[in-house]
Amino acid sequence: MSRLRLEIRVVPRPGLLDPEGKAIQSGLQSLNYSDIHDVRVGKLLLIELDADSPQDAIDHATSMCQRLLANPVTEDFEIKLLEDSGNSG
Amino acid sequence: MLSPQSRPGDPQITPELVSEHGLSPSEYQKIREILTREPSFTELGVFSAMWSEHCGYKNSKRMLKLLPTKAPWVIQGPGENAGVIDIGDDLALVFKIESHNHPSAVEPYQGAATGVGGILRDIFTMGARPIAILDSLRFGDLNSGRVRFLFSGVVQGVGDYGNCVGIPNIGGEVFFDKGYEDNPIVNAMCLGLMKRDSLIKGEAEGVGNLLVAVGTATGRDGIHGATFASEELSEDSQSSRPQVQVGDPFTEKLLLEASLELIHSGYITGIQDMGAAGITSSAAEMGGRSGNGVEINIDLVPVREPNMTPYEILLSESQERMLVVVKTGHLKKIQDILTKWELKADEIGCVTDDGLFRVTEGSRTVAAIPCLALTEGCPTYEREGKESSEIKNLRSKDLSHLKTRSSGYEEIFLDLLGSGNICSKRWLYQQYDTTVRTNTVIPPGADAGVIRLRENNKAIAATTDCNGRYVYLNPRMGTKAAVAEAARNLVSVGALPMAVTNNLNFGNPLKPEIYYQFREAVLGMSEACKLFETPVTGGNVSFYNETSGTPIYPTPVIGMVGIIDDTKYLTRPFFQESGDVILLLGNNTDELGGSEYIYVSEGLVAGEPPAVDLLAERQLQHSVLSMINQELLQSAHDLSEGGLACALAESALGNKTDPFGVDIILQDRLEPIPLFFGEAQGRILVSCAKNSSNQVLQTAKDHGVPCRLIGEVVPASNGFRIAGRTGNMELDIETMSNRFFNAIPTLMDKRKES
Amino acid sequence: MKVAIITFPGSNCDYDLYKCVQLVGGDPEFRWHRDSSLGKVDAVMLPGGFSYGDYLRAGAIATMSPIMEAVKEFAGHGGPVLGICNGFQMLCEANLLPGALLRNNSLLFCSKEVALSVENNSTIFTELYKPERKLRMPIAHAEGNYYANEETLAQLEEEGRVMFRYIDPQGKSTDGSNPNGSANNIAGIINTRGNVMGMMPHPERAVENILGSVDGLDLFKSLLNHISASKKV
């Protein structure tokens, strides 16, 4: 077992209306960042866990996303193993 | 007295360090006399917090003693977490108002949210279930982007916190004026209900009993918040963000349920919120009230961050924490209750018999101070007060040329209806859950909010009021007006005014012109509250509401509660039926000083504010209550900002969906401007069925209150018509409705442009 | 009618629902989210509030509570389940109802009285409503913007599973009468079997004249009638 760190991004699915993203976009545009085409707002989760292998950790996290962290109706997720995950465990 | 040892790493106590802690050289000398030695660094921090204005009321206490605090129905007056009054049937009403102005100026959302959190805890730690929230807010001009940011943040903060805990918001007020540009006022009031015998106090009873910390762990947030609230804001305040605490309403809801269960369990003898100055103030105050001492083992306090010093732990203002005194042998039982609510309880110390606030770390004592020295011993001052000559000049300004205007009344009337201080506040209260708990019978948007009591079919009405412009121009008269308006608001919904909680928002009291305002305001409040028999049961003082030397308008907010004997007497401000007649109680005058009219039309805050005749006000209150109790009235509405014309408009427009028109004829020998828009005090507008009008007139006469028929409620399609002797107004309801209901939404949509 | 009302940490309409069930003559009982069994009950109600502070997604964490297994089993056997506000969000998160409730398109919490049409009055929750009846009741939520993919929406409409829609005073479902951006102005839906209903408006807050509306009463009475009738059989 080793301690690994994962970064999980949960974002609204493409095409889903994201009113928060739209509000941020118009806020940025009013600050003259006029070249913005789209803003989407999601969540970033940093998870530390013990796992046998990086693949094992990713499998674990996938299951977490499917069961709780992301809503399959409205959200997609991405899991990334963080490089500074050491063998500190 | 046991001498505490200094800790490695503690800074040397120098005059500069003492001054940074907000203590004067003479106060420091007094500390040395109390301790008969030099204080440790930790003790200096403890004194600094407890002797701050926020905890120690050092510049206000002497004046506050002039307020009436007693009545046969007052169960608990000032000095506890909240005031309590007897409302019959073995029930008690608990209520208090508190400010969170400084945190809200820096971080509006969290500042306002944690303000609501704190006032809720003050209520449920008395053993009462919170039943309603009101918020009293002041901001600058909504045309400024910064003001819109503060306004929307505060409203969301108030809303999100109360909504999540599930307490309905039933009213309050919001006022906009450049005088609050950089210093918003955020006062939140909470009402709670309990059985009389459930009352529990914040006292550390029973030597040997355990001190238990409940709720979230202690972090470094909000250290020295109490001292922070006792200083002026500066440009640097923007960067002092880490001092602002973050609220967790979810934990608060669990704490609420768990606390009520603990109180009913009988396993605890005292409970108090760790509010301003955190563990220090809650432990010292509980010790002080009981005459016992408290001992805290700092190593046992659960912390969120590593390497926290005793100084930091004692002064942290992390939210959603409480200190509970548990009877010996019952720790496990209370832990079981808290575990059920997914909360933690940790023993952190005990009640002692030596009267000391003692803190240990390992085998070392880091603080040992008499509890009473920290609470009662806080030095109090009466400062020098002197009226500002600038304000004196403003007050004596001649406004007579503003009274005449040959035409264009409609235009100025619409401007008034669209002014932030008169227009509908729907944009704001639609962000508040007003109907949760299914007891709200008059929601926000009326003269006062009303909650019915399922227990006995009575109802509780509450309101908050203060026109800071009036107080600015004439502090004593303006404060009387605030008390009188609060009482008029309560009687307009059918409630007998019972008691007051106050929130005194002022600038820096060390300035003579500010202290003058404060003293005059307290004197005015005292006189009005005595006459109305509405004792003050507690409240809050917020000084130093200044930015770069510019103070806010003095704003002594009056939170008043009243009782309606039966829900059948509930009366609303809105007209009910075409054909009903409209009557005006009280006299119109030609006063225009401090009015919304001169602010909107001339940008002026000047003149003598409207005079208050307290005896006439009391007769007016009694006559309206008598009319309501005879079930004569269809509606009743207090006259305030914008005068008679605006009050008629508010009663006519109602909730937007079913408006009415009016047909009014006024015989007063007054210019149209003061007649339509003057803000003479002591007036209430009522409507009744035609065949009740003689009884209404007779009842007014019996009470010696001037009353006359001024017109009729007509269908909205007939429009809004007021005829005076020398000027008329005629408008269609839709135009008025658009201005009244869309004013704030239109301004807030500008957000995108800022 | 014995009704289990589930209290989650952060529920705040559980007591309102309790009073309302009593008012129509039902027999309410609280269940704690950590309970693993419902006991013998005729219906289950998931109240409004902010279970787990609405952290992560409204209703999401509550669906992990032990009691939710029992609720799913109860629903699986055809037992009536009503979710109001946060309860509706939980039913979607628990896959007992399709779709999801997103943040209001205004991004603001919205508390006001709305007008509703009754779209289907042949269910156990709505049989006492006349089809043309227009209801008034409060909403109070920040995440009530109903979303489902095109296919699901088409199916809901086709099968008559849209129960209530937000309407204007003239009875039309318009953008102006849509308080939160819900697809097709949907305010409530039911499952295929007709025993699990979720809705954002609060019928339990519209049960007494003094509260401003009694239009929620017939919902609870419909359910009560249905349960007493099925017991007689």
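Order of the sequence lines sets the chain letters (A, B, ...), proteins ahead of strands, with each chain counted from 1.
- A heavy-atom distance below 4.5 Å is not found between the side chains of C:N12 and B:V165.
- For B:L570, the part sitting under 4.5 Å from any heavy atom of chain C is the side chain, from C-beta outward, and nothing else.
- To the nearest 0.5 angstrom, C:H141 atom NE2 is 11.5 Å from B:N163 atom CG.
- Here OG of C:S106 is found 9.5 Å from CD of B:Q430. Values are rounded to the nearest 0.5 Å.
- Heavy atoms of C:P9 lying under 4.5 Å from chain B belong to its backbone as well as its side chain.
- Among all heavy-atom pairs drawn from C:G53 and B:C164, the shortest one is CA-SG, 4.3 Å.
- With a 4.5 Å cut-off on non-hydrogen atoms, B:T435 touches chain C through its backbone and its side chain both.
- Taking the centre of each ring, C:Y52 and B:F250 come in below the 6.0 Å mark.
- Of the N and O atoms on the side chains of C:R205 and B:T438, not one donor lies less than 3.5 Å from an acceptor on the other residue.
- In this structure the side chain of B:V436 reaches within 4.5 angstrom of the side chain of C:C13, judged on heavy atoms.
- Not a single donor-acceptor pair under 3.5 Å links the side chain of B:D433 to the backbone N or O of C:A140.
- C:Y55 touches chain B through its side chain: at least one heavy atom from C-beta onward sits under 4.5 Å away, while N, CA, C and O do not.
- Interface with chain C: from residues 447-458 of chain B, residues B:R452, B:R454 qualify, criterion being any non-hydrogen pair under 4.5 Å.
- Separating the CG atom in B:N169 from the OG atom in C:S111 is a distance of 9.0 Å, to the nearest 0.5 Å.
- At most 12 non-hydrogen atoms from other residues, nucleotides or ligands lie less than 6.0 angstrom from CD of B:E734.
- Distance CG/B:N439 to CD/C:E208: 8.0 Å, rounded to 0.5 Å.
- Summarising the local packing, OH of C:Y15 is surrounded by 12 or fewer heavy atoms from other residues, nucleotides or ligands at distances under 6.0 Å.
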Could you tabulate the donor-acceptor pairs under 3.5 Å formed by side-chain atoms of residues 337-345 of chain B, not counting sequence neighbours?
from, atom 1, to, atom 2, distance (Å)
B:T339, OG1, B:Q335, O, 2.6
B:K340, NZ, B:E261, OE1, 3.4
B:W341, NE1, B:E261, OE1, 2.9
B:E342, OE2, C:H33, NE2, 3.4
B:E342, OE2, C:R34, NH2, 2.9

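- What you find for C:G10 and B:L254 is that their closest heavy atoms are N-CD2, 4.2 Å.
- Separation of atoms CZ (C:F50) and NZ (B:K253) is listed at 11.5 Å; rounding is to 0.5 Å.
- Within the 4.5 angstrom heavy-atom criterion, atoms from both the backbone and the side chain of B:D248 approach chain C.
- Other residues, nucleotides and ligands contribute only 12 or fewer heavy atoms inside 6.0 Å of the CD atom of C:E73.
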